[in-house]
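Scroll down for the structure; my scribbles are underneath it.
Note that these values count all heavy atoms, side chains included, but never hydrogens, waters or copies made by symmetry. Counting convention: from 1, in listed order, for ligands and their atoms alike.
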Amino acid sequence: MAIKRKHFRYRDIDELRAEIEKLGLSIRLENRIDKLLEPVRVGHKTVGNALGIHPMEGCDCTSDGKPGELTVRRWERFGTGGSKLIWGEATAVLDEAKANSRQLLISKDTVGSIASMLEITRTSHRNTFGPNEEVLVGMQLTHSGRYCYQKPMIAFRHPVVDRITLLDKKRGVPIPDDYPVVSDDYLERLEDVYVEAAKLAWHIGFDFVDLKQCHSYLLNELLAAKTRKGKYGGSFENRTRFIRNVIGKIQAEIGNDLILGSRLNVYDGIAYTQDVDTGIGVPSEMLDMYPYGFGVDEDTPPNSDMAEPKKLIRLLKELGVKLINVSMGSPYYNPHIGRPFERPPIDGYETPEHPLIGVDRHFRLTKQVQEDNPDLPIVGTGYSWLQNYVVNAGEANARDGHVSFVAVGRGALAYPDFAKDTTENGGMLKKKSCVAVSYCTALMRAKATPLGQYPSGCVPRDKIYAPIYKEAEKALASK
Ligand SMILES: Cc1cc2nc3c(=O)[nH]c(=O)nc-3n(C[C@H](O)[C@H](O)[C@H](O)COP(=O)(O)O)c2cc1C
């Protein structure tokens, strides 16, 4: 039986500070917001403030991968929101690479409609903030790997996660023991697919592309492919071959005008499952040796080991990557790590830790990366659970040199103009903030429509999603 706990019950910032102290965490909160309103340099561009919007897909594209009405609406809302860094949502490089049937796809057929959406975003920003104010907008290139919606495409065999990697999603049948990993030939061809996708993004005016290496999708798995044989597995050099090759090829074709970024996991964590008695998340299985996670200590899992993530980020910087977005965890097997929540989605588990501990983990690991690379713009994640205190914690992190950009994911669906309010009024409003109750994640999991996917958005704060959720809930409940 699932228990219902309420963690976020602070009447003011001092009560939140008291809880942080009680838990022995190092999160700081500033009262005045200054630093976040200052410009930040990224490559050859100057970004107007240090506030950002994380990639947030709405699973609302057409089935051939073009933006739908709700996709354009979301980007337009981000454009008028005042954040100067807009990190575009997951955009598949191939149809087979999509995580759901309504994910954005970059191809010769879709690029025109994506260009129109980008133009609408920039225009809406210009109309709201004036002709001199530009935003930095990026396209996140993705291959969903193990979580491709048509069939799993795995980088290596994982003794725990393979058991919940479904070949037949309707019947819940996992991949068999002899299921193959993607071949080296496939990966070699895929490198060129990424280059073509980056070229298309560049031609239509994106400021940067993100070579996504997070959330247990294909390029993230490659980083952790210690047990994989062949030239993309085993040593750190082999596991970074794909990303190194893609960067080199993009630079050879485009030069350095297109800014390269990467959203990456600095900590994969281990798989969790729901305890049947309490409903709380518990580790699926604790293996003594754990050569299956990036940034996870092989000898003492699930502890983090930042040696390789730091090495990777230094390497990416040397290769010319100008923007890093630090993330962690898998939305599929340990969602509390990546997105600390108040309440789980309908098919998830109750958080096994106080969400502030999750927020603090994000901040601590991001700090390590920023301190290791003081001149590299680093974007922080995991803020939304803090509701209207996102900017107070972000300001402290920015002033302390622990992060360069403070961005929100779920918070941006709830409150796309949080940056505008912060700039105009010195802070965010509680009544507009994300409450981290996971309806957006639940909608992502809802598939029973003729298009194979419900659109996702903020049910408590954005009125058009309440009726959508009502309909999807019926489908989820009958699962
Ligand atoms: C509905 C939904 C869609 C998301 N889409 C993406 C995406 O397209 N790409 C990505 O890297 N992360 C995606 N994320 C993860 C968020 O960007 C972010 O990392 C996560 O929500 C934690 O940040 P927050 O606490 O600010 O929400 C998504 C999360 C949710 C809930």
Matching residue for Q103 among C59, S144, C148 - test: side-chain contact (heavy atoms from CB on, under 4.5 Å): S144
Checking side-chain contact (heavy atoms from CB on, under 4.5 Å) between N392 and each of T422, I33, L386, which is the one that passes? I33
Answer yes or no: is there an ion pair linking E473 with K470, defined by an N-O contact shorter than 4.0 Å? no
Under 4.0 Å between a side-chain nitrogen and a carboxylate oxygen: does that hold for D305 and K310? no
Ignoring hydrogens and angles, tell me if any N or O in the side chain of D400 forms a donor-acceptor pair with the backbone of H402 under 3.5 Å.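 No; zero donor-acceptor contacts below 3.5 Å.
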I'd like to know if the side chain of R146 and the backbone of F156 have a donor-acceptor N/O pair within less than 3.5 Å.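 Yes; at least one donor-acceptor contact below 3.5 Å.
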Is the distance between the ring centroids of [X] and [Y] under 6.0 Å?
X    : Y    : answer
F341 : H336 : no
Y267 : F294 : no
Y272 : Y333 : no

Tell me the protein heavy atom at minimum distance from [atom], and give that distance in Å.
atom                    : result
atom 30 (C) of ligand 1 : M56 CE, 3.3 Å
atom 25 (O) of ligand 1 : R410 NH2, 2.8 Å
atom 1 (C) of ligand 1  : M444 SD, 3.3 Å
atom 8 (O) of ligand 1  : A90 N, 3.0 Å
atom 20 (C) of ligand 1 : R339 CB, 4.1 Å
atom 3 (C) of ligand 1  : E57 O, 3.5 Å

Would you please determine whether H362 falls within less than 4.0 Å of ligand 1 on a heavy-atom basis?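 The answer is no, since H362 has no heavy atom less than 4.0 Å from ligand 1.
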What are the atoms of ligand 1, with element, lying closer than 4.0 Å to any heavy atom of [X]?
X    : value
G338 : 22 (C)
Q140 : 7 (C), 8 (O), 9 (N), 10 (C), 11 (O)
H54  : 17 (O)
T441 : 31 (C)
K212 : 9 (N), 10 (C), 11 (O)
C440 : 1 (C), 31 (C)
V408 : 26 (O)
T381 : 19 (O), 22 (C), 23 (O)

Would you call D64 and L105 a side-chain contact if the rule is heavy atoms closer than 4.5 Å?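 No. Closest side-chain heavy atoms not under 4.5 Å.
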Got an N/O contact under 3.5 Å between R263 and ligand 1? yes
Taking both backbone and side-chain atoms of L413, is any N or O found less than 3.5 Å from an N or O belonging to ligand 1? no
Side chain, backbone, both or neither: the part of S384 lying under 4.0 Å from ligand 1 by heavy atom: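 The answer is both, backbone and side chain.
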Parallel, tilted or perpendicular: which describes the rings of W75 and F206, with under 30° parallel and over 60° perpendicular?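 Correct class here is perpendicular.
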G329, S438, P55: member with heavy atom nearest to atom 7 (C) of ligand 1: P55
Show every salt bridge (charged side-chain N to carboxylate O under 4.0 Å, His left out) that has at least one partner inside residues 328-341, sequence neighbours left out.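 Matches after skipping sequence neighbours: none remain.
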